[in-house]
Amino acid sequence: MKVFVTGGAGYIGSVCTEELLNAGHQVTVYDNLTEGHRSAVDARAKFIFAKPEVEGDILNAVKSTKPDAIMHFAANALVGESMTNPKKYFHNNFVNALKLADAAVECGVKKFVFSSTCATYGSPEKVPMTEDLPQRPMNPYGESKLMFEKALIWYSQIYKLEFIAFRYFNAAGASEKFGEHHRIESHLIPNVLFVALGKKSQCEIFGTDYPTPDGTCIRDYIHIKDLAQAHMLGLQPGKTGFYNLGNGDGYSVREVISMCEQVTGKKIPAIEKPRRAGDPPRLVASAEKAIRELGWKPQFPKLKDIVETAWTWHKRNPDGYPD
Ligand code: UDP
């Protein structure tokens, strides 16, 4: 298939692009490189430098590519930042996404695959979380993604745009070539590994008074290559709807730090900080629906494997990508 990948220079998009190409698809990456890196774009992909703020840029890029499918990864994805700069989140994650959906409709694209998030649920009533739980986001990031999920439902009913929206839990790990390099890194695993690399003297634990066994937040970490496989399965014709992607295992911040110590063989000092605004205490997926309906089989469900691949990539690329 011809696949148009927005955000293909970013963390998740770069690995999905690689896997799409490995599976024999043709890929065009559309990315404005504010979060992404040019050197994270697989050399086999065509690259279009995106200017989504320019009228007609998104439509022209889709028109010139004539894709069978669109995978929409490009987004701002930091919970904390969204609490101080919501405008950025609603404009990029909702307004720009809508322009892309309009272009998909206008160009007769057969499948729209959207990167959504478990942040659309807010703080869930029960875990593991199934797709039918109420969605009550606790931050503008989750809200901006939920708004676009809702638009997709109407676009599919009225314009017959077939979509799959994956609600990611915590993406982590790396492929051989591509890994996690955010210009401002706020995610837990890379920050903890930076201490092991000697780039930082200590890591931070945001909140130790949550209603969890050790007082720190619990998340469900999923390997980036398993996420990529789910996207490939999402291209099957006739598959549509919302799917959680996680492993069903929750790890606390302290447990993640201790796994990083085990994998790296280094002592990782941590300081306790107040809670970060917008963080729910516990997010753990049930991905039964993706397993049952899409035939998804995670290959790297263990936190140890996830951290090991991240560690290998960071050791090889201590300063991330050069650009
Ligand atoms: N966290 C932390 N220290 C850090 C970064 C994150 O304690 O340096 C916590 C954060 O509050 C959350 C969890 O680790 O409970 C995962 O955060 P991350 O930013 O990696 O992903 P998110 O769940 O926000 O998508």
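Quick note: residue numbers are just sequence positions, from 1. As the structure lists them, so they are numbered: ligands from 1, and atoms in each ligand from 1.
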* Report the relative orientation of the aromatic rings in H182 and Y11; use parallel for angles under 30°, tilted for 30 to 60°, perpendicular for over 60°. => perpendicular
* Is the H231 ring parallel, tilted or perpendicular to the F166 ring (thresholds 30°, 60°)? -> tilted
* Go through the side-chain N and O atoms of Y168 and D220 and say whether any donor and acceptor fall under 3.5 Å apart. => no
* To do: Verify whether one side chain among H72 and S115 offers a donor that lies under 3.5 Å from an acceptor in the other.
  => no
* salt_bridge(E18, R44) N-O dist < 4.0 Å -> no
* **Contact check, side chains of K111 and I164, non-hydrogen atoms, under 4.5 Å** => yes
For each nitrogen or oxygen atom of ligand 1, which protein N/O atoms lie closer than 3.5 Å, and how far apart are they, rounded to 0.1 Å?
from     : atom 1 : to   : atom 2 : distance (Å)
ligand 1 : 3 (N)  : E204 : O      : 2.7
ligand 1 : 7 (O)  : E204 : O      : 3.4
ligand 1 : 7 (O)  : F206 : N      : 2.9
ligand 1 : 11 (O) : D279 : OD2    : 2.6
ligand 1 : 19 (O) : R276 : NH1    : 3.2
ligand 1 : 19 (O) : R276 : NH2    : 3.2
ligand 1 : 20 (O) : L188 : N      : 2.8
ligand 1 : 21 (O) : N170 : ND2    : 3.1
ligand 1 : 23 (O) : N170 : ND2    : 3.0
ligand 1 : 23 (O) : R219 : NE     : 2.9
ligand 1 : 24 (O) : R276 : NH2    : 2.7

